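The structure displayed is predicted, hence computed values, not measured ones. Just so you know, these numbers use all the heavy atoms, side chains as well, and skip hydrogens, waters and symmetry mates.
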Amino acid sequence: MCPDSWYDKNLSEGAPYVTPILEAVRVGYARCSTDRQDLEAQRVGLADLGVDPQRIYTDHGLTGRTRARPGLDQALAAVRAGDTLVVTKLDRLARSVPDAREIADRLLERGVGLALGTTVYDPADPMGKMFFNILATFAEFESDLIRMRTREGMAIARAKGKLRVRQPTLTDRQASELRRLYDNGDYSVSDLAAVFSVSRPTVYRTLRRKPGAT
């Protein structure tokens, strides 16, 4: 029964109106770092953890060190007090210790739970807090290793003359036009992706590469 019908029925019976209690939900978040990776495994994992597929928010082609992630922002905005944000692993949520702690603290302040796989993070539990910090440290360490190996591989390829510089998806003129349209406020990121026939992550990267006028 919808709230209005419930209200009409109780009002006719002389009962006071009481706001129905909203049921707590589980909201999922999934992320992969490159456009070549697939999010399907994480989607399946989140569904197995009790997350409705319609409540899964994603970021594709964005690293865990990139704080400006639209999918994560949407997931954080979707949770209410009593809800739980669910990720398959902590490194999907953040790749640095400060960022992981900041997100966890924000959720705690709002009364939102955080589930890392089947484990629910409890900051009041010393062992749970230590385990969370260890996971965050390993996530950051792994990210640093990947970056170091990538730099080393690029240096070796450059020395052998095998490194090809990846050209931007959009020309400089197209990137400037995309920036202008975005700043005008008439086009959303999804609109721009459709107009320029690129992915949403490409639009975000272009916007970062082409700062707006200050």
Side-chain angles (χ1 to χ4, degrees), residues 22-150 189-190 199-205 207-208:
L22 298 175
E23 183 180 355
V25 299
R26 295 170 75 82
V27 174
Y29 174 68
R31 177 193 63 79
C32 63
S33 301
T34 70
D35 293 333
R36 294 187 300 274
Q37 292 176 319
D38 190 2
L39 289 168
E40 187 58 29
Q42 291 181 63
R43 290 181 185 274
V44 172
L46 290 170
D48 290 342
L49 292 169
V51 180
D52 186 327
Q54 298 299 318
R55 296 183 182 275
I56 296 177
Y57 298 86
T58 64
D59 281 312
H60 201 218
L62 295 174
T63 71
R65 287 180 177 269
T66 303
R67 187 59 187 87
R69 286 178 270 157
L72 177 58
D73 291 340
Q74 291 168 8
L76 294 177
V79 288
R80 309 180 307 266
D83 292 346
T84 301
L85 179 66
V86 185
V87 291
T88 54
K89 295 192 302 180
L90 179 59
D91 63 7
R92 300 301 88 195
L93 184 65
R95 279 286 200 174
S96 74
V97 174
D99 197 24
R101 288 176 178 169
E102 191 266 340
I103 294 173
D105 289 344
R106 281 176 56 192
L107 293 173
L108 177 63
E109 291 172 359
R110 296 170 53 194
V112 176
L114 174 60
L116 313 173
T118 58
T119 302
V120 176
Y121 170 55
D122 181 8
D125 176 20
M127 291 296 294
K129 190 173 184 179
M130 181 184 72
F131 182 63
F132 177 86
N133 288 333
I134 290 174
L135 289 178
T137 300
F138 270 104
E140 182 172 318
F141 174 67
E142 184 180 30
S143 177
D144 288 340
L145 281 180
I146 293 173
R147 294 172 66 190
M148 182 183 70
R149 289 167 181 166
T150 300
V189 170
S190 296
S199 65
R200 284 166 55 91
T202 296
V203 174
Y204 284 109
R205 285 195 295 269
L207 293 174
R208 288 196 298 271

(message) Tell me the closest heavy-atom pair linking Ala24 and Gly82, and the distance in Å.
(response) CB-O, 3.2 Å
(message) With side-chain contact (heavy atoms from CB on, under 4.5 Å) as the criterion, how do Ile56 and Val86 come out once you've worked through the C-alpha distance, each side chain's angles and the decisive distance to 0.1 Å?
(response) CA-CA 9 Å; Ile56 296 177; Val86 185; over 6 Å; no
(message) Please check: side-chain N/O of Asp83 versus main-chain N/O of Val25, any donor-acceptor pairing under 3.5 Å?
(response) yes
(message) Test your reading of the model: is there a side-chain donor-acceptor pair from Asp59 to the backbone of Arg31, 3.5 Å cut-off?
(response) no
(message) Show the nearest heavy-atom pair for residues Ala30 and Leu46, with the distance to one decimal.
(response) CB-CD1, 4.1 Å
(message) I need the Leu49 CG to Thr84 OG1 distance, nearest 0.5 Å.
(response) 11.5 Å
(message) Could you measure the distance from the OG1 atom of Thr202 to the CG atom of Leu207? Nearest 0.5 Å is fine.
(response) 10.5 Å
(message) Under a 3.5 Å distance rule, please check whether Arg110 uses its side chain to pair with a backbone N or O of Val79 as donor and acceptor.
(response) yes
(request) Could you grab the distance from atom CD of Glu109 to atom CZ of Arg106, nearest 0.5 Å is fine? (result) 9.0 Å
(request) Check Arg200 against Ser190 and note the closest heavy-atom contact, atom names and distance. (result) NH1-OG, 2.6 Å
(message) For Leu114 versus Ala104, what's the shortest heavy-atom pair and its separation?
(response) CD2-CB, 4.3 Å
(request) Identify the heavy atoms of Asp99 and Ala94 that sit nearest to each other, and give their distance. (result) OD2-CB, 4.0 Å
(request) In sequence, state the C-alpha distance, the side-chain angles, and the governing distance for Val112 and Val27, and then conclude on side-chain contact (heavy atoms from CB on, under 4.5 Å). (result) CA-CA 10 Å; Val112 176; Val27 174; over 6 Å; no
(message) Please find the pair of heavy atoms, one from Leu39 and one from Cys32, that lie closest to each other, and give the distance.
(response) CD2-N, 3.6 Å
(message) Quick check on side-chain hydrogen bond (donor to acceptor under 3.5 Å, both in side chains): which of Tyr29, Tyr204, Tyr57 does Arg69 satisfy it with?
(response) Tyr29
(request) Nearest 0.5 Å please: distance from the CG atom of Leu85 over to the CG atom of Leu107. (result) 5.5 Å
(message) For the OG1 atom of Thr88 and the CD atom of Gln42, what is their distance to the nearest 0.5 Å?
(response) 4.5 Å
(request) Give, for atom CZ of Arg205 and atom OG of Ser199, the distance between the pair rounded to the nearest 0.5 Å. (result) 5.5 Å
(message) Are there over 12 heavy-atom neighbours, none belonging to Arg55, within less than 6.0 Å of that residue's CZ?
(response) no
